[in-house]
Peer 1: 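Okay, here's the structure, questions in a sec.
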Amino acid sequence: MDQAEKRERLAELAPERVEELDADEEEDEHPLPDLPNAEEGGVRMRVAPNPNSPWHIGHARMAAVVGTYKERYDGEFVCRFDDTDPDTKRPDLDAYDAILKAIDYLGFEPDEVVRASDRVDIYYDHARELIDEMGAYTCSCPAEEFSDLKNAGEACPHREKAAGTVHEEFSAMVDGEYGAGEMVLRVRTDIEHKNPALRDWVAFRVVDTPHPREEAAAYRCWPMLDFQSGVDDHLMGVTHIIRGIDLQDSAKRQGFVYDYFGWEYPEVVHWGHVEVDEYDVPLSSSTIVERVAAGELDGWDDPRAPTVASLRRRGIRGEALVAAMVELGTSTSNVDLAMSSVYAHNRELIDDDTDRAFLVRDDPDHGGGAVERQVVGGPDAGEPPVHPDHEDRGTRSIPVDSGVLVESADLPERGQRVWLKGYGCVRHTRDALEYTGDDIEVVRDGNVPVVHWVPAEANVPVRMRTMDGDVWGYGEPGVAEYDRDEMLQFERVGFVRIDDPGEEVVAYFAHK
RNA sequence: GCUCCGAUAGUGUAGUCCGGCCAAUCAUAUUGCCCUCUCGAGGCAAUGACCAGGGUUCAAAUCCCUGUCGGAGCACCA
């Protein structure tokens, strides 16, 4: 049955439904779905990074989406460093700032910044309260033994200890009287719960390694994420939590603690993992850390690294990354971020304001290498516009002294013509480029290709850093005039950010 | 093994809750044409998807069942 027929039938069967359909108005368009039970002004969220490394691109999703929701609901967000594992996921002292910088780069400002490692005593207080409620017990079972019991749905002998004993043993954990692995504090949930992941999970354990932050270096008894983050979310008034599907069971686990305390659990949204195309380096903190340490990457902002710092250095605006992240939505499926989407957003943001310039690459894989030719006849200089869509910004003056450089792929066959952009038409004779005029009709009707060029002598050496490695070339003289952080479009090559304006200009390639 | 969750074009997404303006939205991508002194921008067009099979119904992307595929948890990691 086709559409018209369906509609006809519907009109016969239920005319009121047709009216309803017709009356359906369009809702406000938001790139992100509405948060459940969210009210304007009543939304408080948190970004809870582990500062064990700076951020890769995937981490930016959290801040991008939380920040966007904050703006949408006129709400707030807290940046809480969940740095409660001084050993396995040991914090990197530089990462705290790097992460805050990344959030700032994305265009957001946390309403509050806290470190879990400053709040350990608060967690202890809640642990003691939980023990009073008979909601937790100390357990000295070796991990494997407990795991076996748990999988069989059987309680261990420590489960029925008196609260007094549990208090004593927990205090001993806090006082550092146990070594790592000797004693833990478990939350009493339901040892026969059908989901084994929820049965009597560990809330506190002993870590022998001191925390790298001086302020927290004395603690040996550390909360696990589910306890710490569960308590903090409540204490900080978090109304909505966004987190990965790897933490799918956290809400259910923490639910037991919330029940003991009579708290109400925040709304939760789970999303899948992000992957990014176009990179050889995987989106994994540990891999990036390794490659940086091994010298395979020049640092976290190496253009080949899939990191926030790298995108920033390439001149990608945080806004472009946020837009692309927000478009991914909050689906529980894993998603692939197409870098082309980030580039498309960035191009739209910067194209209008970015000056044009020529870069002749001297690279066998890109343009075939620079070749020099004398120019015979013609004016002394070319005058291409600073921006083709904005005549009022004037022109660049590029001298043609002893000759020019072009990329060999652009050099026409002998006898053929080529249009040097902003200069005029030349014919390739035996060993030179002979000026044939400035009538643009040859380009419009004569199939003469338009190419970029630079003077053979008065040019500026440029090292362009790209995702595929460095490309050397020669820029037009004006390239030397740009300051660090300014953007430039090398015509027919792509957009770059000037990173170092020195003798040899270093530019980071952003995208075409 | 136990427990959760998911599946719409190359990619992402809208629609799914409350079946019917859905032979399916928008963006990106790719290709072609127009325009342009850039391979950028702009304009136009084309390409391309409801995981499979059953069921319910006048009507199924939408509801139900089965299957397939994929993901996650069952850590003294976060």
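Lettering of chains follows the sequences in order, A, B, ..., and the numbering in each one begins at 1. Quick caveat: nothing in here was measured; it's all calculated off a predicted structure. Because only heavy atoms are used, hydrogens play no part in the values below, and waters and symmetry mates are left out as well, while side chains stay in.
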Peer 1: Quick one: label A:S147 by what it contacts on the DNA or RNA (base, sugar-phosphate, nothing), any heavy atom closer than 4.0 Å.
Peer 2: sugar-phosphate
Peer 1: Salt bridge check, A:D83 against A:R119: does any charged N sit closer than 4.0 Å to a carboxylate O?
Peer 2: no
Peer 1: Mind checking if A:S229 touches a base, just sugar-phosphate, or nothing, with heavy atoms under 4.0 Å?
Peer 2: nothing
Peer 1: Whole angstroms only, please: what is the CZ-C1' distance between A:R61 and B:G12?
Peer 2: 10 Å
Peer 1: A:H390 NE2 to B:A41 C1': how many Å, rounded?
Peer 2: 9 Å
Peer 1: Using a cut-off of 4.0 Å on non-hydrogen atoms, how would the nucleic acid contact of A:F495 be classed: base, sugar-phosphate, or nothing?
Peer 2: sugar-phosphate
Peer 1: Please determine whether a side-chain nitrogen or oxygen atom of A:R253 lies at a distance below 4.0 Å from atom OP1 or OP2 of B:A75.
Peer 2: no
Peer 1: How many Å lie between CG on A:D249 and C1' on B:G71, as a whole number?
Peer 2: 13 Å
Peer 1: Assign A:I440 to base, sugar-phosphate, or nothing according to its heavy-atom contacts below 4.0 angstrom with the strands shown.
Peer 2: base
Peer 1: Check every strand shown and say whether A:M183 touches a base, only sugar-phosphate, or nothing at a heavy-atom separation below 4.0 Å.
Peer 2: nothing
Peer 1: Look at the side chain of A:S333 and decide which nucleotide, out of B:C76, B:U11, B:G6, has an atom nearest to it.
Peer 2: B:G6
Peer 1: If you look at every strand shown and take non-hydrogen atoms under 4.0 Å, does A:R90 touch a base, only sugar-phosphate, or nothing?
Peer 2: nothing
Peer 1: Counting any heavy atom closer than 4.0 Å, what does A:P388 reach on the DNA or RNA strands: base, sugar-phosphate only, or nothing?
Peer 2: base
Peer 1: Provide the Watson-Crick or G-U wobble partner of B:C2, both distances under 3.5 Å; none if there is no partner.
Peer 2: B:G73
Peer 1: A:N50 CG to B:A78 P: how many Å, rounded?
Peer 2: 8 Å
Peer 1: Starting at atom CH2 of A:W453, determine the distance to atom P of B:U38, rounded to an integer number of angstrom.
Peer 2: 15 Å
Peer 1: Rounding to an integer number of Å, can you tell me how far A:M224 CE sits from B:C77 P?
Peer 2: 4 Å
Peer 1: Using the ring of each side chain (for Trp, its six-membered ring), is A:F170 parallel, tilted or perpendicular to A:Y124, with breaks at 30° and 60°?
Peer 2: perpendicular
Peer 1: Which part of the nucleic acid, if any, lies within reach of A:C221 when heavy atoms closer than 4.0 Å are counted: base, sugar-phosphate only, or nothing?
Peer 2: nothing
Peer 1: With hydrogens left out and only the distance checked, is there a donor-acceptor pair under 3.5 Å joining A:R444's side chain and the base of B:U36?
Peer 2: no
Peer 1: Quick check on B:G40: is either OP1 or OP2 less than 4.0 Å from any side-chain nitrogen or oxygen of A:R356?
Peer 2: no
Peer 1: Would you say B:U3 has OP1 or OP2 under 4.0 Å from some side-chain N or O of A:K252?
Peer 2: no
Peer 1: Tell me the partner of B:G32, counting only Watson-Crick (N1-N3 plus N6-O4 or O6-N4) or G-U wobble (N1-O2 and O6-N3) with both under 3.5 Å; none if nothing fits.
Peer 2: B:C44
Peer 1: Across the strands shown, which category fits A:A344 at heavy-atom distances under 4.0 angstrom: base, sugar-phosphate, nothing?
Peer 2: sugar-phosphate
Peer 1: Using both distances under 3.5 Å as the test, list the Watson-Crick or G-U wobble partner of B:U38, or none.
Peer 2: none
Peer 1: Starting at CD1 of A:I191 and ending at C1' of B:C2, how long is that distance when rounded to a whole Å?
Peer 2: 14 Å
Peer 1: Hey, what's the ring geometry for A:H390 with A:H387, parallel, tilted or perpendicular (30° and 60° as the breaks)?
Peer 2: perpendicular
Peer 1: Roughly how many Å is it from NZ in A:K421 to C1' in B:C39, rounded to a whole number?
Peer 2: 11 Å
Peer 1: Categorize A:G272 for me: base, sugar-phosphate, or nothing, with a 4.0 angstrom heavy-atom threshold over every strand shown.
Peer 2: nothing
Peer 1: Any idea how A:H59 and A:W55 line up, ring-wise: parallel (<30°), tilted (30 to 60°), or perpendicular (>60°)?
Peer 2: parallel
Peer 1: If you take atom types as modelled and just measure distance, does the side chain of A:D389 reach the base of B:G40 with a donor-acceptor pair under 3.5 Å?
Peer 2: yes
Peer 1: Do A:E267 and A:L35 touch side chain to side chain, with heavy atoms closer than 4.5 Å?
Peer 2: no
Peer 1: Give A:Q489 one of three labels, base, sugar-phosphate or nothing, depending on what nucleic acid heavy atoms sit under 4.0 Å from its own.
Peer 2: base
Peer 1: Test A:D200 against A:K150 for salt bridge (Lys or Arg N to Asp or Glu O under 4.0 Å), laying out the working first.
Peer 2: CA-CA 8 Å; A:D200 287 22; A:K150 180 203 65 187; over 6 Å; no
Peer 1: Give the ring-plane orientation class for A:H193 versus A:F256, where under 30° counts as parallel, over 60° as perpendicular and anything between as tilted.
Peer 2: perpendicular
Peer 1: Nearest to the side chain of A:L225, heavy atoms from C-beta on, is which of B:C77, B:U3, B:A78?
Peer 2: B:A78
Peer 1: Is A:H345 touching bases, backbone alone, or none of the nucleic acid, heavy atoms closer than 4.0 Å?
Peer 2: nothing
Peer 1: Determine whether a donor-acceptor pair (one donor, one acceptor, N or O, separation below 3.5 Å) exists between the side chain of A:K89 and the base of B:C77.
Peer 2: yes
Peer 1: Within the structure shown, what part of the strands sits under 4.0 Å from A:S331 by heavy-atom distance: base, sugar-phosphate, or nothing?
Peer 2: sugar-phosphate
Peer 1: Determine the contact category for A:L247: base if any of its heavy atoms lies under 4.0 Å from a base atom, sugar-phosphate if only primed atoms, P, OP1 or OP2 are that close, otherwise nothing.
Peer 2: base
